[in-house]
Peer 1: 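A single structure is presented below for examination.
All ligand and atom numbering here is 1-based and tracks the order in the structure.
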Amino acid sequence: MSGTSLDGVDVAMIETDGERVTAFGPSGYRPYAEAERMLLRQALSDAVSMSDRNARPGVLAEAERVVTDAHAEAVEAFLSMHGIARQSVDLIGFHGQTVLHRPADRLTVQIGDGEGLARRLGLPVVYDLRAADVAAGGQGAPLVPVYHRALARGLDRTGPLIVVNIGGVSNITYIDGDDVLIACDTGPGNALLDDFVLKTTGRPFDADGALAAQGRVDEAWVSRALQNSFFSAPPPKSLDRNHFAALSVDDKSPADGAATLTAFTAASIAAIAPLLPKPPRTFIVAGGGARNPTLLSMLRDRAAQASVESADALGWSADAMEAQAFAFLAVRSAKQLPFTFPGTTGIATASSGGVLTGI
Ligand SMILES: Nc1ncnc2c1ncn2[C@@H]1O[C@H](COP(=O)(O)OP(=O)(O)OP(=O)(O)O)[C@@H](O)[C@H]1O
Ligand SMILES: CC(=O)N[C@H]1[C@@H]2OC[C@@H](O2)[C@@H](O)[C@@H]1O[C@H](C)C(=O)O
């Protein structure tokens, strides 16, 4: 899995039948080199004008090779580091790199050559997991909720809970027993903050929320930003990474800008609660944002009565969860089990998707 933060490739191994997770294997990470990250950033810009998802304008063809190679290297290093025999792996789930997401135009583009990856690894690969949903009128995201539900089945909790994934964009899954599964993107995650921190300090992200912790939140700015009609729309809804890029805190000091953007992420996650059937009892936080204590504390302040817990504290892996989810989705895809639902992507009927290659 390589997410919208463009930080690197997450690898994880699980044992599953697509319904339940019977064992968690190890997980790993292969960061993008600086040059690779710059190429991917350029690919996001070059993708803006795309209308045909198979076109590869500008640097996209080169970026696609880099994405495929980085994933192959990530898997190879992972297998050798953990002494896992290639033949013991049944299936690889490959998300690719989203370079454009415009579901209203029935367009979502993940670059990455699934067939090339299957050839290089000598293993079957399931890829292109968003396309079928978008083609059928769904949002194509989020896909992870069905995995969150599988994990939540193993928790002994009453009352509705929310799993929040704070990646480049933030998304939530609302689970209330086995029957209610609602999901959507909630707004910014780390991407706006990362971009601002990179521009003002040269560092790729606000490590441990230290910069934001020193700054002052401009609450008026946050309230204004929350006026965007996206926030009052009910789920399902999804976002392109750069949807809020025009919102600028460039007139602020690095610390105040970081504090304000961190608060914007926290406030926009909390703002989903009134749009759900019942107030959530718990927010379980995963994704890179779970490592940012300033963000967690701002979410606690804004989450009303709900408790805020990190996924790691429950024995789930905040870092590996998305990669695990794409392994789970690959198995569901291979078995033709549905993984997008009216309540998660807005698709008319529960559907499967993905392309299986290399068997
Ligand atoms: N120690 C840390 N302190 C603060 N922020 C952190 C820390 N570690 C990671 N992050 C943030 O998490 C981001 C990476 O998050 P994650 O790996 O969930 O993103 P992603 O895989 O791109 O996700 P998605 O696909 O959900 O957008 C980094 O860019 C950074 O902003
Ligand atoms: C189009 C796309 O790649 N969307 C990502 C992005 O990153 C977070 C959020 O926006 C989420 O909707 C989705 O990824 C997660 C893994 C998902 O589909 O569940």
Side-chain angles (χ1 to χ4, degrees), residues 1-12 27 29-32 37 40 44 47 53 93 95-103 107-112 128-131 133-134 138-149 163-173 183-198 203-213 235-244 258 261-262 265 285-296 310-312 317-326 328-329 339-340 344-345 353:
M1 170 72 198
S2 172
T4 42
S5 303
L6 307 177
D7 56 325
V9 181
D10 294 307
V11 191
S27 58
Y29 177 62
R30 181 222 184 260
Y32 287 125
R37 202 168 296 164
L40 292 178
L44 296 188
R53 70 190 305 272
H95 173 265
Q97 180 68 50
T98 298
V99 291
L100 186 71
H101 185 59
R102 216 185 286 141
L107 188 61
T108 185
V109 184
Q110 286 72 43
I111 56 170
D128 216 5
L129 289 133
R130 300 190 193 274
D133 184 81
V134 168
Q139 293 288 313
L143 300 185
V144 174
V146 68
Y147 182 64
H148 289 156
R149 185 176 63 186
V163 185
V164 195
N165 165 49
I166 310 180
V169 167
S170 297
N171 60 291
I172 59 115
T173 304
C184 62
D185 288 351
T186 56
N190 304 300
L192 277 183
L193 176 64
D194 286 353
D195 292 352
F196 176 76
V197 170
L198 181 66
R203 295 192 297 259
F205 63 92
D206 182 14
D208 303 330
L211 186 62
K237 51 184 175 177
S238 74
L239 282 173
D240 186 82
R241 178 192 191 277
N242 290 332
H243 188 87
F244 296 107
L261 290 175
T262 306
T265 292
V285 186
R291 296 225 218 143
N292 182 332
T294 309
L295 176 54
L296 287 186
S310 117
D312 285 325
S317 168
D319 284 339
M321 194 185 289
E322 273 194 359
Q324 291 170 348
F326 278 89
F328 182 79
L329 292 169
F339 56 80
T340 62
T344 62
T345 66

Peer 1: Which residue and non-hydrogen atom of the protein lie closest to atom 26 (O) of ligand 1, and at what distance in Å?
Peer 2: Glu322 OE2, 2.5 Å
Peer 1: Please say which of Asn190, Val197, Leu192 ends up in a side-chain contact (heavy atoms from CB on, under 4.5 Å) with Asp194.
Peer 2: Asn190
Peer 1: Should you measure from each heavy atom of Ala207, which atoms of ligand 1 turn up under 4.0 Å away?
Peer 2: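 Within the 4.0 Å cut-off of Ala207, ligand 1 contributes 3 (N).
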Peer 1: When you measure from the side chain of Asn165 to the backbone N and O of Asn171, does any donor-acceptor pair fall under 3.5 Å?
Peer 2: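 Checked: no pair found.
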Peer 1: If you take the nearest heavy atom of each of Val169, Asn190, Asp133, which one is closest to atom 8 (C) of ligand 2?
Peer 2: Val169
Peer 1: Between Ile172 and Cys184, is any pair of side-chain heavy atoms under 4.5 Å apart?
Peer 2: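 Yes - at least one pair of side-chain heavy atoms lies under 4.5 Å apart.
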Peer 1: To the closest 0.5 Å, what do you measure between CZ (Phe205) and CG (Leu193)?
Peer 2: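 One finds 10.5 Å between CZ of Phe205 and CG of Leu193.
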Peer 1: Find the distance between OG1 (Thr294) and CG (Asp208) and round it off to the nearest 0.5 Å.
Peer 2: 8.0 Å
Peer 1: Asp128 and Arg53: side chain to side chain contact (heavy atoms under 4.5 Å, CB included), yes or no, with the steps?
Peer 2: CA-CA 11 Å; Asp128 216 5; Arg53 70 190 305 272; 2.9 Å; yes
Peer 1: When you measure from atom 9 (C) of ligand 2 to every protein heavy atom, which one gives the shortest distance, and what is it?
Peer 2: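 Looking at atom 9 (C) of ligand 2, the protein heavy atom closest to it is Asp185 OD1, 3.6 Å.
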Peer 1: Quick check on contacts: which atoms of ligand 2 are under 4.0 angstrom from a heavy atom of Thr98?
Peer 2: 1 (C), 2 (C), 3 (O)
Peer 1: Using a 4.0 Å cut-off to any heavy atom of Gly287, which atoms of ligand 1 qualify?
Peer 2: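 Matching atoms, with element in brackets: 18 (O).
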Peer 1: Among protein heavy atoms, which lies nearest atom 7 (O) of ligand 2, and at what distance?
Peer 2: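 For atom 7 (O) of ligand 2, the nearest protein heavy atom is Thr4 OG1, 3.4 Å.
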Peer 1: Hey, which atoms in ligand 2 end up nearer than 4.0 Å to a heavy atom of Ala141?
Peer 2: 12 (O)
Peer 1: Counting only N and O atoms by type, is there a donor-acceptor contact under 3.5 Å from the side chain of Arg37 to the main-chain atoms of Leu6?
Peer 2: yes
Peer 1: May I ask you to identify the nearest protein heavy atom to atom 13 (C) of ligand 1, giving residue, atom name and distance to one decimal place in Å?
Peer 2: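 Heavy-atom neighbour on the protein nearest atom 13 (C) of ligand 1: Asn190 ND2, 3.5 Å.
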Peer 1: Just need the protein heavy atom nearest to atom 7 (C) of ligand 1, so name the residue and atom and give the distance.
Peer 2: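 Answer, as residue, atom name and distance: Phe205 CE1, 3.4 Å.
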Peer 1: N/O of Gly168 under 3.5 Å from N/O of ligand 1, yes or no?
Peer 2: yes
Peer 1: Less than 3.5 Å between some nitrogen or oxygen of Val144 and one of ligand 2, yes or no?
Peer 2: yes
Peer 1: Please list, in number order, the atoms of ligand 1 under 4.0 Å from a heavy atom of Met1.
Peer 2: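 Here the atoms of ligand 1 in question are 25 (O).
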Peer 1: Tell me which part of Leu143 gets within contact of ligand 2: side chain, backbone, both or neither, using heavy atoms under 4.0 Å.
Peer 2: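 It is both parts that get close, each with some atom under 4.0 Å.
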Peer 1: Enter the distance from Thr108:OG1 to His101:NE2 here, rounded to the nearest 0.5 Å.
Peer 2: 5.0 Å
Peer 1: Around atom 25 (O) of ligand 1, find the nearest protein heavy atom and jot down its residue, atom name and distance.
Peer 2: Gly3 CA, 3.0 Å
Peer 1: Just by modelled atom types, is the Pro188 backbone N or O under 3.5 Å from a matching donor or acceptor in the Ser170 side chain?
Peer 2: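 Yes, the answer is positive, given that a donor and an acceptor are paired below the 3.5 Å cut-off.
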Peer 1: How long is the gap from OG on Ser27 to CE on Met321, to the nearest 0.5 Å?
Peer 2: 11.5 Å
Peer 1: Nearest to atom 17 (O) of ligand 1, what protein heavy atom do you find, and at what distance?
Peer 2: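 Going atom by atom, the protein heavy atom closest to atom 17 (O) of ligand 1 ends up being Asp7 OD2, 3.4 Å.
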Peer 1: For atom 16 (C) of ligand 2, what's the nearest protein heavy-atom neighbour? Residue, atom name and distance, please.
Peer 2: Glu322 OE2, 3.4 Å
Peer 1: For atom 27 (O) of ligand 1, what's the nearest protein heavy-atom neighbour? Residue, atom name and distance, please.
Peer 2: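 Nearest neighbour among protein heavy atoms for atom 27 (O) of ligand 1, to 0.1 Å: Thr4 OG1, 2.2 Å.
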Peer 1: Are any of the N or O atoms of Asn292 closer than 3.5 Å to those of ligand 1?
Peer 2: no
Peer 1: Taking the side chain as C-beta and beyond, is there a heavy-atom pair between Asp319 and Tyr29 under 4.5 Å?
Peer 2: no
Peer 1: For the side chain of Thr265 and the backbone of Gly189, is there at least one donor-acceptor N/O pair under 3.5 Å apart?
Peer 2: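 Looks like yes, one N/O pair under 3.5 Å.
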Peer 1: Any idea which of Arg130, Lys237, His101, Met321 brings a heavy atom closest to atom 13 (C) of ligand 2?
Peer 2: Arg130
Peer 1: Within this structure, what is the CD-CG distance for the pair Gln139 and Asp185, rounded to the nearest 0.5 Å?
Peer 2: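 So the gap between those two atoms works out to 8.0 Å.
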Peer 1: Hey, is the main chain of Ala320 close enough, under 3.5 Å, to the side chain of Asp10 for a donor-acceptor pair?
Peer 2: no
Peer 1: Select one of side chain, backbone, both or neither to describe which atoms of Asn171 lie under 4.0 Å from any atom of ligand 2, heavy atoms only.
Peer 2: side chain
Peer 1: Main chain of Gly140, side chain of Asp133: is a donor-acceptor contact present, judged purely on distance under 3.5 Å?
Peer 2: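 Checking the backbone N and O of Gly140 against the side chain of Asp133, a donor-acceptor pair under 3.5 Å is found.
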Peer 1: Answer side chain, backbone, both or neither: which part of Asp206 comes under 4.0 Å from ligand 1, heavy atoms only.
Peer 2: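 Asp206 to ligand 1: backbone contact only, side chain stays beyond 4.0 Å.
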Peer 1: Strictly distance-based, threshold 3.5 Å: is any side-chain N or O of Gln110 a donor or acceptor partner for the main-chain N or O of Val99?
Peer 2: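 Looks like no, no N/O pair under 3.5 Å.
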Peer 1: Taking Ala212's backbone N and O only, do any of them form a donor-acceptor pair with Asp206's side chain (distance below 3.5 Å, no angle check)?
Peer 2: yes
Peer 1: Would you mind finding which of Asp208, Asp194, Leu295, Val197 brings a heavy atom closest to atom 3 (N) of ligand 1?
Peer 2: Asp208
Peer 1: If we only consider heavy atoms of Gln139, is any one of them less than 4.0 Å away from an atom in ligand 2?
Peer 2: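 Contact check Gln139 vs ligand 2: negative.
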Peer 1: Decide whether an N or O pair under 3.5 Å exists between Gln110 and ligand 2.
Peer 2: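 No - when backbone and side-chain N and O of Gln110 are compared with those of ligand 2, no distance drops under 3.5 Å.
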Peer 1: What protein heavy atom sits nearest atom 19 (O) of ligand 1, and how far away is it?
Peer 2: Ser5 OG, 2.9 Å
Peer 1: Check whether any heavy atom of Gly189 sits under 4.0 Å from an atom of ligand 1.
Peer 2: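 No; Gly189 lies far enough from ligand 1 that no heavy-atom distance drops under 4.0 Å.
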Peer 1: Answer yes or no for Ile166: is there a heavy-atom contact with ligand 1 below 4.0 Å?
Peer 2: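 For ligand 1, residue contact (heavy atoms, under 4.0 Å) with Ile166 is present.
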Peer 1: For atom 18 (O) of ligand 1, what is the nearest protein heavy atom, given as residue, atom name and distance?
Peer 2: Gly288 N, 2.7 Å
